[in-house]
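A short write-up of the structure that comes next.
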Amino acid sequence: MKDQIKDILASFDLDVAQFRIERINSGHINYTYKLSGRSSFILQRINKSVFTKPEWIAHNHGLAQTYLKENFPDYLFLDTLKTSTGLDLVYDKDDFPWRIFPYIEGSHTVDEVGNAAQAFNAAAAFGALSKKLSPCDPHQFKVIISNFHDLDFRYHQFEDALAKGIAARKVVAASLISKCQEYHFLVERYSKLKASGKLRLRITHNDTKINNVLFASGSNEVLCVIDLDTLMPGYFIYDLGDMVRTFVSPVSEEESDFTKIRVREEVKQAIEEGYLSEMRQVLTKEELEVLSFAGPMMTYMIGMRFLTDYLMGDTYYQISSPDQNLIRAGNQFCLLEHLLTQAHQY
Ligand code: GN1
Ligand code: MG
């Protein structure tokens, strides 16, 4: 990898000898490295089997960037560096695309929300991105991964994994499989909602995890949102729901002690208030009526995706232990149970 990194950096006129390189392990899909030097950078190798058209990511960034620069010149939209020949991506000899972002000094990320103010600010930041882009025509943006957050599609993938997955793993995961089937009513609710036409197609971030927010060091102030790989047409429930999924519990999706999982009401409320502080003006009356469906829907979907990947032999998400996807799925189904039994039912 070291030699590859050296060559990639050279394409961006950067000398590998000038940097200390460390791997950052927070994402499940791409390989990410921090390059620390006089100026620091984030280097990423894009997962080419997940992002089959990486140039589409650059296309969507370009559209968003141009619109935001013209209309909101102060908005910090983190874009990639260009190579000496003006390219966004450089391919290595195995055909993996690489890109580089500037590292924002004085920033930090968190894997768990610390308090309600942090949740409010992060939710407002994701809301602001979608609101600012709301006058853009979503159809001009590429669909980076089709059916990405289509719950019905994800359920079919899960059923496929039940038919084709590893037999021994089906036995181990039997109780989670039953849970996943019991919650099928959420798929029905999603399909009905989608068919009703009540949800407007918008530009959404589609990966609004708490660790995709850059906070200013030592404060709850947001500098910008990051990981815009899945910036594409979507419904607002995808963004709001993924925030509920990753903000409300004091522990992350990696926690294996499920007794630590709970829903912090004050954080849940802060997400809604923060998101609506931006999005209230653009959401329709019908959309505002289905706010509380977002959290359960996204928690169920990601739990199901982890379970599907476990049954299929861990071909999608990066893992560092054989049962990691099973733990992640169990964690998400536990959180889902809490969300559904909470006072504010959807
Ligand atoms: C993946 O790689 P990362 O952590 O940014 C996934 C998201 C899931 C998330 C679960 C392209 O995101 O959809 O919500 O893991 N991204 C893709 O933590 O599948
Ligand atoms: Mg991501």
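Read the numbers this way: they start at 1 and go in the same order the structure lists the ligands and their atoms.
- By the criterion of a heavy-atom distance under 4.0 Å, neither the backbone nor the side chain of Met301 is placed next to ligand 1.
- At least one N or O atom of His28 sits closer than 3.5 Å to an N or O atom of ligand 1.
- In this structure, Arg23 satisfies the cation-pi test against Tyr31, with its NZ or CZ atom closer than 6.0 Å to the six-membered ring centre and inside 45 degrees of the ring normal.
- Numbered from 1 in the order shown, with element, the atoms of ligand 1 that lie under 4.0 Å from a heavy atom of Glu253 read 10 (C), 18 (O).
- Side-chain contact of Gln269 with Glu265: a donor-acceptor pair under 3.5 Å is absent, judged by distance alone.
- Listed by number with element, the atoms of ligand 1 under 4.0 angstrom from any heavy atom of Gly27 are 2 (O), 4 (O).
- For ligand 1, the polar-atom distance check against Lys209 finds a nitrogen or oxygen pair separated by under 3.5 Å.
- When non-hydrogen atoms are compared, ligand 1 lies under 4.0 Å from neither the backbone nor the side chain of Asn212.
- In this structure, atom 16 (N) of ligand 1 lies nearest to the protein heavy atom Ile29 CG1, 3.8 Å.
- Residue Asp229 does not count as close to the Mg ion (ligand 2), with no N, O or S atom under 2.8 Å.
- In this pair, Tyr317 and Phe306 present their aromatic rings tilted. The plane angle is within the 30 to 60° band.
- Taking a cut-off of under 4.0 Å to the non-hydrogen atoms of Phe51, the atoms of ligand 1 that pass are 11 (C).
- Those atoms of ligand 1 that come under 4.0 Å of a heavy atom in Asp227, given as number and element, are 5 (O).
- Considering only heavy atoms from C-beta on, His59 stays 4.5 Å or farther from Lys53 through its side chain.
- On a distance-only criterion, Tyr316 and ligand 1 share at least one N/O pair closer than 3.5 Å.
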